[in-house]
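Remarks on the structure that follows.
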Amino acid sequence: MKAELFEWWDTNARDLPWRFGRATPWGILVSEVMSQQTQMSRVVPYWTDWMAMWPDAASLAAASSAEVITAWGRLGYPRRSLRLQECACAVVERYGGELPKTYDGLVALPGIGDYTASAVMSFAFGERIAVIDTNVRRVLWRTFKGEESFGGAARPEERELANAVLPRDPAESVTWNEALIELGALVCTAKNPKIDEDPWAFESLFYAAGCPGIGQKRTRPRQRFKGTNRQVRGLILNALRNLSDAGTTLARAEVEALWPDHVQLDACIASLDEDGLIEIAADGSLRLPR
């Protein structure tokens, strides 16, 4: 099965700018943070521009919060941008600007969890470690257990399976991780798997059983966006990003024109302030943090 997967990877892997040895460990970490809950096609231009401005932890640590939030643009979940800058500051202060090469060192950094630390250990440092995201869990559980994987937190048995089938050779384990993530993203998808394109189609217990449970529950629940606080927060941040000068304020009247429900608007302003994404002046005007 390893040979079939690797052959498929060699032919079908997307040519993303942080792959195939073209990015530094820091660049790989940035790509993983940006890719959380965000489609790769949206990430590429943001990652390219971001790395051109801040190619390493030291340069990002020295940037202003307003610059960081503005550069994050419409990637979503903008708190991630400030957490990434907090991570950069910690890397500079603790490790002289170079990422630690241990899993424990990585997960101790601000905003870095199990998946991101594992991905950096594998893709940046070539270590043998299972990289377990929703795509990987879905591919492995379907193929080897013949059942649907329904998302949520990774179960112990899913981690046990991922570790059991991981190739022993470190270099092969890196390719294995990359290929599984790609296979889950492009072929063995949550709702409409492309069985004819799956290199493991004949070995998959899930396909052999007729894809039991598929479509009954989404692997990742689709979130409503229109009218939510996420939408309102995005409108506020976008208005601030579009100001001609990073230090310019958005007057209270302009803020109120963004959303008709001022109770919801004020709640979103408060949450953005709490997250450190905006500053509120005494007159109610808003600006990005300096």
Side-chain angles (χ1 to χ4, degrees), residues 14-103 105-113 115-126 131 178 233-234 236-248 272-273 275-279 286-290:
R14 289 171 290 181
D15 188 22
L16 302 175
W18 50 83
R19 284 180 171 169
F20 311 119
R22 291 176 296 177
T24 62
W26 176 253
I28 290 172
L29 182 143
V30 172
S31 76
E32 293 297 341
V33 173
M34 286 186 167
S35 300
Q36 293 167 11
Q37 297 180 291
T38 307
Q39 295 178 341
M40 289 289 191
S41 59
R42 293 184 60 205
V43 170
V44 170
Y46 283 102
W47 183 90
T48 301
D49 292 343
W50 185 283
M51 294 303 297
M53 288 186 291
W54 305 304
D56 50 33
S59 55
L60 179 59
S64 71
S65 297
E67 290 173 320
V68 171
I69 296 169
T70 300
W72 195 259
R74 293 183 177 274
L75 272 177
Y77 303 97
R79 183 72 180 94
R80 287 184 294 168
S81 66
L82 295 184
R83 291 292 279 170
L84 185 55
Q85 188 177 39
E86 291 173 25
C87 176
C89 292
V91 170
V92 171
E93 293 169 2
R94 302 176 196 173
Y95 302 103
E98 299 295 328
L99 281 181
K101 295 184 177 182
T102 66
Y103 174 89
L106 288 167
V107 294
L109 295 171
I112 305 302
Y115 170 78
T116 302
S118 298
V120 171
M121 290 299 296
S122 178
F123 306 146
F125 300 134
V131 181
E178 291 179 317
R233 283 166 56 101
I236 297 167
L237 286 177
N238 191 52
L240 291 171
R241 293 189 192 102
N242 289 335
L243 294 174
S244 58
D245 179 19
T248 305
L272 288 169
D273 179 50
D275 286 345
L277 293 167
I278 64 171
E279 292 180 353
L286 308 178
R287 69 183 176 198
L288 292 174
R290 300 174 185 177

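Throughout, numbering of the chain's residues begins at 1 and tracks the sequence. Quick note: numbers below take in every heavy atom, side chains included, and nothing from hydrogens, waters or symmetry partners.
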Using the side-chain hydrogen bond (donor to acceptor under 3.5 Å, both in side chains) criterion, which residues pair with [X]? Sequence neighbours excluded.
X	value
T48	none
D275	R233
T116	Q36
Y95	none

[X]: what forms a salt bridge (Lys or Arg N to Asp or Glu O under 4.0 Å) with it, not counting sequence neighbours?
X	value
E178	none
R80	none
R14	E182

Check residues 26-35 and write down every donor-acceptor pair under 3.5 Å in which the side-chain atom is one partner and the other belongs to a residue at least two apart or another chain.
from, atom 1, to, atom 2, distance (Å)
S31, OG, I28, O, 2.7
E32, OE1, Y115, OH, 2.9
S35, OG, S31, O, 2.6

Please identify each residue that fulfils side chain to side chain contact (heavy atoms under 4.5 Å, CB included) with P45, with sequence neighbours left out.
none
Test side chain to side chain contact (heavy atoms under 4.5 Å, CB included) applied to D49 - qualifying residues, sequence neighbours left out:
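Scan of D49 (side chain to side chain contact (heavy atoms under 4.5 Å, CB included), adjacent residues dropped) gives none.
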To check you understand the geometry: which heavy-atom pair defines the closest contact between [X] and [Y], and what is its length?
X	Y	value
G105	T102	N-OG1, 3.0 Å
R241	P78	NH2-CB, 4.3 Å
V107	G113	CG1-O, 3.9 Å
S81	W50	CB-CH2, 4.4 Å
Y46	W72	CE2-O, 3.5 Å
L75	T38	O-OG1, 3.4 Å

Test: salt bridge (Lys or Arg N to Asp or Glu O under 4.0 Å). Region: residues 89-102. Which pairs qualify, not counting sequence neighbours?
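Salt bridge (Lys or Arg N to Asp or Glu O under 4.0 Å) check on residues 89-102 returns no pairs.
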Throw together a table of side-chain donor-acceptor distances under 3.5 angstrom for residues 82-92, partners on residues two or more places apart or in other chains.
from, atom 1, to, atom 2, distance (Å)
R83, NH1, E86, OE1, 2.8
Q85, NE2, L60, O, 3.0
Q85, NE2, A63, O, 2.8
E86, OE2, R79, NH1, 3.4
E86, OE2, R79, NH2, 3.2

To the nearest 0.5 Å, what is the distance between [atom1] ([X]) and [atom2] ([Y])?
X	Y	atom1	atom2	result
T248	N242	OG1	CG	12.0 Å
L99	F125	CG	CZ	5.0 Å
R287	L243	CZ	CG	11.5 Å

Quick one: does R22's side chain have a donor or acceptor within less than 3.5 Å of a partner on L16's backbone?
yes
Flag, side chain of T70 to backbone of E67, donor-acceptor distance under 3.5 Å
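Such a contact is absent between T70 side chain and E67 backbone.
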Taking the side chain as every heavy atom from C-beta outward, state whether P289 and E279 have any pair of such atoms under 4.5 Å apart.
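Yes. Closest side-chain heavy atoms under 4.5 Å.
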Apply side chain to side chain contact (heavy atoms under 4.5 Å, CB included) to the pair L237 and I278, showing each step before the final yes or no.
CA-CA 8 Å; L237 286 177; I278 64 171; 3.9 Å; yes
